[in-house]
Amino acid sequence: MSGRLRMVLAISVIRQLSGFSTYSKVLSPGLRRHGLFSLCGGRIRMMASETLESLRNVAIVAHVDHGKTTLVDSLLQEADVFRANQEVEERIMDSNDQERERGITILAKNAAVEYKGVKINIVDTPGHADFGGEVERILNMVDGVLLVVDAVEGPKPQTRFVLKKALELGLKVVLVINKIDRPGRRPDYVVDATFDLFVELEASDEQTDFEIVYCSAINGQSGTDPDHLQDTMSHVLDAIINSIPAPVVDKDGPTQLLVANIDFDNFIGKLGIGRVRSGSLKANDGGSYGAMAGPDDTMRPVTVKELFVYDNLGRKSVDSVGAGEIVMFAGVSDIGIGETLVSRSNPLPLPKLAIEEPTVSMTFAVNKSPLSGREGDKLTSRVIRDRLYKELDRNVALQVEDGASDAFKVSGRGPLHLTVLIETMRREGFELEVGPPQVIYKEIDGKKHEPWDSVEVQVPEEHSSAVVDLLNRRKGEMQDFGKADTGDYAYIRYLVPTRGTIGLRTNLLSATRGLAVIDSNFDSYRPFAGDVGNKEKGSLLAFEDGEATSHGLLGAQDRGQLFASPKTAVYKDMIVGIHQRPGDLRVNVCKQKQLTNMRSATKGIVEGLSPPIELTLDSAVEYISQDEIVEVTPNSIRMAKQQGWDKKNKK
């Protein structure tokens, strides 16, 4: 931006601000990012700005499974981060065990590369809507984003969510059309659909003039023409340098660092992560800094003992860091996400990060089943409570409330958000009883409202009627129905109450023989839709405590599909299968075969057991009804009826 244009803009804004003092209401994100103004204790001040041409801060955002983390791998390879003979795993940024097992990014992660004399700080973000809280706060650290879109599928629900957040913050966007080597690629359609999405989200003229790069990240190819790719990812890195603006900073201003993420180190403890917005930060500069949670908070003195900047996939210790850099600091054990490190002599905190509220809650309770205590070593309500509240340090989209009878209400952005936490806890040795997902209602204008999700389904046309019927029965409202652009597929889009989406994926896959492609994302709060209906089939319940036998299971499988296998430990009212009819039924899976002197050589061959249904944590949480719970232990997942369920039904 030229000096003359900066002056014109400054004069214009100063005129507009006559009578205003609140920073957040009148100052657009674009003006803040050009370095013209910053926040001073809730008021606006003009900045003495400097552009750091040797630095870029960029986040990579996308819908789940559009190749975001694979793209990061290719960029690291292109920047010569790895040795020529080094063996590198796929999706190296997905270091978490669950991320590798599920094939999704759960936690945002940082890396940094040097390219053509420019340091590029790269932030890999989650692609699933349930982890949108990670995306929202990470975008506050960067000046632009790479929006990765599949060359066949085009923009999807999560694409809309992450793009909306980026545009609201005034970020510059580079469109990366990935998987261009796929059969049925549609680059022109993807560009047009993405541009339409920009317009729909009211992007500025500058934002809609985005650069486009085509690539096949898994093959390490990129280019500006989809038909002429080169065996290099340099086109993506060049787009970052040329299109993502360099940080515009106030190096001489008072220190400002908004903490956007938290990490932990076994040796140095809690680590805060954020971008230095103004001034500088020095290690072991005792008494110079304070921490504040927004302009209305009281400052408390803190000491920054160590400073690190990102270097390739690791971190590098430094003595001081200037404005514009993304930094990791140690020594402040009570620092929290959303707090600002400030100068004690001139404390000017930034506004706290605004994160969208949870929409789904579940009850976490002490495991009271007859089989409790056999596998885990963390059983009491005290250790469960401490673990849940510790999770709040990093997982800001989560909420925890103390309940009655050794139970806790845990709220998150969706069932997956909560089941990832449950899975993490069971791997740490916890035993829990988990209740069914419950949506969080709101009262708006005196009326009861509930969260609704936008559900998109692509399915072969012969199965479209089954999908429509299923969504209608769950109180869905059709928004779009038509022929998909590829193959003999139908495209169906509905608004469905979040209550109706719980367990929806399993039913849709069953109704379409596994051929449906389903995407969903939170849409908005809308008036309460009424009863969405109960499960069409009941559960098969164990008649007594004991061990399941082949003979008992053989008799029970005539009543439905089983979860249990021979020698499985069961207890009374534990769910051992799916009843083929509505209503629950107790079956004796522990029944012993009566011994006689008669034997048949072919009896064991004729009367065989069907393989049991594989039970995972996600499928168990989707399956249970309001009077059922999931028992989670380090080695087992069981489902059972809540205590006293039969007495409640009699009433």
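Counting begins at 1 with the first residue of the sequence.
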For Ser234 against Tyr115, the heavy-atom pair lying closest together = CB-OH, 3.3 Å

Are Lys172 and Glu206 close enough for a salt bridge, meaning some N to O gap below 4.0 Å?
-> no

Counting N and O atoms only, with roles assigned by atom type, does the side chain of Arg426 sit under 3.5 Å from a partner on the main chain of Leu432, one being a donor and the other an acceptor?
-> no

Sorted by chain and residue number, the salt bridge (charged side-chain N to carboxylate O under 4.0 Å, His left out) partners of Glu462 (sequence neighbours excluded) come out as none

Donor-acceptor pair, side chain of Arg277 and main chain of Leu257, under 3.5 angstrom = no

Between Arg493 and Asp519, does at least one N-O distance fall below 4.0 Å, as a salt bridge requires?
-> no

Could you tell me whether Arg473 and Asp469 make a salt bridge, using a distance below 4.0 angstrom between a side-chain N and a carboxylate O?
-> yes

Before giving the answer on side chain to side chain contact (heavy atoms under 4.5 Å, CB included), spell out for Ile212 and Thr224 the whole-Å C-alpha distance, their side-chain angles and the decisive distance to 0.1 Å.
-> CA-CA 7 Å; Ile212 304 170; Thr224 55; over 6 Å; no

For Asn121, what residues pass the side-chain contact (heavy atoms from CB on, under 4.5 Å) criterion, not counting sequence neighbours?
-> Leu55, Asn57, Ala112, Lys119, Tyr310, Glu325, Ile326

For Asp192, side-chain hydrogen bond (donor to acceptor under 3.5 Å, both in side chains) partners two or more places apart = none

Measure the acute angle between the ring planes of Phe195 and Phe210, then classify it against the limits of 30° and 60° as parallel, tilted or perpendicular.
-> tilted

Which of these passes side-chain hydrogen bond (donor to acceptor under 3.5 Å, both in side chains) with Gln438: Gln626, Lys409, Arg499?
-> Gln626

Stepwise, does the side chain to side chain contact (heavy atoms under 4.5 Å, CB included) test hold for Val632 with Met425?
-> CA-CA 9 Å; Val632 181; Met425 292 178 66; over 6 Å; no

Mind checking the OG-CZ spacing from Ser510 to Arg505? Nearest 0.5 Å is all I need.
-> 12.5 Å

Strictly by modelled atom types, are Asp227 and Tyr214 linked by a side-chain donor-acceptor pair under 3.5 Å?
-> no

Could you tell me whether a side-chain N or O of Thr501 sits under 3.5 Å from a main-chain N or O of Leu504, the two making a donor and an acceptor?
-> no

Should Leu421 and Asn395 count as side-chain neighbours, where that means a heavy-atom distance under 4.5 Å?
-> no

Between Asp523 and Arg160, is there a salt bridge with N-O shorter than 4.0 Å?
-> no

